[in-house]
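Some notes on the structure that comes next.
Computed from heavy atoms alone, side chains included, the values below leave out hydrogens, waters and symmetry copies. In what follows, chains are A, B, ... by sequence order, proteins preceding strands, each numbered from 1. All figures in this text were calculated on a predicted structure; none of them were measured in a lab.
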Number of protein chains: 2
Amino acid sequence: MSRIVMKFGGTSVANVERIRNVAQHVKREVEAGHEVAVVVSAMAGATNQLVAWTREASPMHDAREYDAIVSSGEQVTAGLLAIALQAIGVPARSFQGWQIPLRTDGAHGSARIASIEGDALISRMTDGQVPVIAGFQGIAPDNRIATLGRGGSDTSAVAVAAAVGADRCDIYTDVDGVYTTDPRIVPQARRLDRIAFEEMLEMASLGAKVLQVRSVEMAMVHKVRVFVRSSFDAPDAPQTGPGGLPPGTLICDEDEIVEQQVVTGIAYTKDEAQITLRRVEDRPGVAAGVFGPLAEASINVDMIVQNISEDGKTTDITFTLPTSDQARAIEILNAKKAEIGFAGLNTQADACKVSVIGIGMRSHAGVAAQAFQALAQRGVNIRAITTSEIKISVLIDSAYAELAVRTLHSLYGLDKA
Amino acid sequence: MSRIVMKFGGTSVANVERIRNVAQHVKREVEAGHEVAVVVSAMAGATNQLVAWTREASPMHDAREYDAIVSSGEQVTAGLLAIALQAIGVPARSFQGWQIPLRTDGAHGSARIASIEGDALISRMTDGQVPVIAGFQGIAPDNRIATLGRGGSDTSAVAVAAAVGADRCDIYTDVDGVYTTDPRIVPQARRLDRIAFEEMLEMASLGAKVLQVRSVEMAMVHKVRVFVRSSFDAPDAPQTGPGGLPPGTLICDEDEIVEQQVVTGIAYTKDEAQITLRRVEDRPGVAAGVFGPLAEASINVDMIVQNISEDGKTTDITFTLPTSDQARAIEILNAKKAEIGFAGLNTQADACKVSVIGIGMRSHAGVAAQAFQALAQRGVNIRAITTSEIKISVLIDSAYAELAVRTLHSLYGLDKA
């Protein structure tokens with residue numbers, strides 16, 4: 001017997017018929033003898049409708065009211081699934097965030113989970129009941145509902161799994177697992193049976209949009225094994241994959257991954273713009289002078305590369321950011337030009353960041369060199385490079401994005417046979 | 001300065017544009033210097049959609065889950081109105097039932113209000129904020145949301161008014177007040193400026209569907225003055241009716257009604273069926289033997305008339321009930337025939353109850369006799385009669401309903417000039 005948290009996203013619960021299908025998935029696990037809790041998103045489209053009404057009421061709105069309104073979507077799904085489960089003989093009850101309670105900080109609209117009281121959920125589960133939890137929401141210190149930001153239901157599910165000491169958190173989604181890269185670009189992409197938390201974190205933040213980054217962070221911190229699987233499988237399909245699981249990807253501690261590959265996957269992010277500040281005075285605090293004003297304007301800077309300038313005395317700073325923020329960032333930097341002290345500013349849009357990810361890199365030399373060589377052979381010009389222990393990222397022209405991803409995917413032996 | 005509770009029903013908040021219009025009504029009262037709390041229903045149609053989903057999930061559903069689902073409608077409206085108020089400079093925040101808290105009994109789906117904590121609301125109001133309260137809901141002893149049954153938002157509003165010691169509870173609805181009778185039947189019907197609680201209770205339960213009966217009961221018990229007015233008036237229309245109020249009807253203590261008429265209004269209920277049990281043994285407990293089994297089957301019996309039988313030794317019992325329950329009631333009674341002890345059962349559908357209502361009747365003799373005479377002159381046959389201190393009801397053939405209502409309306413001088 002295992003204790004399992006099952007999470008279903010908006011498309012899986014888009015209407016009552018699909019909710020009844022979800023109930024069958026839950027029943028299967030209960031009948032297999034597991035203790036089960038379920039976390040649900042709002043019915044697909046419901047959140048968008050609620051957000052649209054909120055904006056129509058006022059473009060500038062109180063985040064606390066936004067939360068009270070938008071959280072109702074998950075509340076409805078949780079109640080409907082509890083009813084659908086009861087109807088097929090599975091004892092169930094819905095829980096809203098404030099009823100658990102799942103406590104958050106006070107950042108309404110994009111709150112972070114502070115704590116979860118697991119006792120009520122555990123006692124239901126050991127009694128043979130299925131708690132059905134409204135995802136994406138909790139209760140803030142002001143005793144009002146707080147939402148976790150879009151996609152927060154994944155985070156809810158992992159946090160619930162940690163709180164009840166679940167053996168696994170199953171995320172049912174519209175893809176059947178995590179792939180070595182985007183299968184739309186590389187048809188030879190393979191589904192990974194397992195991937196380490198750290199790798200998934202890089203994959204998630206780099207554009208493999210299977211899971212919200214925060215949910216992976218939380219899974220890593222609390223060592224919650226997360227299993228990504230398709231919600232389109234028939235509830236009665238045989239569960240005969242590796243480890244008695246159906247097709248899918250287990251995100252787990254690297255210790256659980258027996259045959260570690262050097263490279264696990266290739267990720268990419270498009271629509272990046274690049275800004276280079278030339279001949280920045282090389283003194284302490286200069287990076288803060290550049291990035292502080294951008295952070296204040298809520299501009300998310302991604303890659304940062306600092307290099308010595310041509311003149312050998314000053315420094316060149318290059319960084320990337322979403323293309324949509326490019327104009328605003330340039331305006332801010334030019335306004336601060338004297339204060340920061342730089343000679344010139346170059347910028348380029350249409351950049352793409354391609355990343356090679358793998359825990360195995362830590363113990364293998366030459367991985368980066370291989371990548372640079374392969375890209376050079378294909379005529380892909382590299383604008384900037386950053387590396388970490390388990391990742392190599394290169395910034396290239398967007399036009400070469402697909403070519404670069406395919407080249408690297410083959411290079412590291414990730415293509416399926 | 002007064003303290004006012006304003007209540008807006010589903011059609012008044014059917015979309016965001018109308019919610020913004022409601023915000024203007026609230027702003028007007030705030031700018032007039034009043035302390036204001038608002039109670040809202042779900043957007044028209046929202047509750048029906050939620051109920052439909054619940055039924056689709058399972059025709060037999062857990063009332064606690066039903067409540068969690070359906071209560072979300074009012075939650076959304078309350079948040080949207082709070083945002084709309086803030087947008088026009090009126091400080092506001094939404095409250096859900098559990099946040100106040102508004103406590104109910106455990107009868108999920110049709111709960112009754114047990115208590116309301118007024119402190120949080122009062123402190124907001126004295127601070128110049130407008131609490132916007134989700135109607136129709138509270139929190140049950142099991143710490144789960146309970147709804148008050150359809151139309152419960154009126155009851156919420158009156159209960160909130162009582163809890164905060166409001167001077168008045170304004171019910172904005174799709175009619176502009178309470179009329180002497182149904183204007184669709186009698187075009188000469190007049191809007192009443194004032195009506196006593198007891199009279200309104202009879203009018204409400206007899207088919208003048210302006211207010212839910214329970215809300216009138218609660219208003220009477222807690223002496224909450226209720227003002228019924230149209231939600232279609234422009235927010236900036238002059239408020240120049242009697243007592244500085246716009247057109248509408250004030251439901252209040254009879255002491256406040258200076259010129260009391262003998263008869264205040266004529267109400268009617270259609271679709272009544274009549275059942276007569278002939279020659280029932282005249283012994284203690286016989287009425288309980290008849291009506292106990294019907295109550296157990298949730299059949300609402302209305303008029304009850306007991307009379308001595310032809311034989312002078314037994315009794316005839318006549319009562320009315322909704323036509324939809326007629327067949328079921330007959331089945332139940334026939335099954336208990338030996339136990340109850342009656343000789344025969346007559347029944348008739350297509351009955352209509354017409355009632356003459358007025359507190360003034362208490363001090364005026366002959367009101368009933370006038371009615372019987374007027375109806376006889378028009379050829380209206382009376383099947384049964386019941387009377388109370390402030391009401392005379394007659395049961396007649398449905399075909400004569402409109403004629404009877406018009407006749408009585410004229411008879412007591414209620415037609416407008």
> Considering only heavy atoms, which portion of B:Glu56 lies under 4.5 Å from any heavy atom of chain A: side chain, backbone, both, or neither?
Replying inline: both
> Who wins among B:Ala84, B:Ala68, B:Gly73 for the most heavy-atom pairs under 4.5 Å with chain A?
Replying inline: B:Ala68
> Can you tell if the side chain of A:Gln75 reaches within under 4.5 Å of the side chain of B:Ile145, non-hydrogen atoms only?
Replying inline: yes
> Can you tell me if CE on B:Met1 sees more than 12 non-hydrogen neighbours from other groups inside 6.0 Å?
Replying inline: yes
>> At a 4.5 Å cut-off on heavy atoms, which part of B:Ala92 comes close to chain A: side chain, backbone, both, or neither?
In response: backbone
> If you count heavy-atom pairs under 4.5 Å between each of B:Val132, B:Leu80, B:Leu81 and chain A, which one has the most?
Replying inline: B:Leu80
> When rounded to the nearest 0.5 angstrom, what is the spacing between CD in B:Gln96 and OG in A:Ser72?
Replying inline: 8.5 Å
> Which one of A:Asp62, A:Asp67, A:Ile88 has the most heavy-atom pairs closer than 4.5 Å to chain B?
Replying inline: A:Asp62
>> Could you measure the distance from the CZ atom of A:Arg93 to the CZ atom of B:Arg144? Nearest 0.5 Å is fine.
In response: 3.5 Å
> Are the side chain of A:Gln99 and the backbone of B:Asn143 linked by a donor-acceptor contact shorter than 3.5 Å?
Replying inline: yes
> What part of B:Ile139 lies closer than 4.5 angstrom to a heavy atom of chain A: side chain, backbone, both or neither?
Replying inline: side chain
>> Nearest 0.5 Å, please: how far is OG in B:Ser58 from CG in A:Leu85?
In response: 11.0 Å
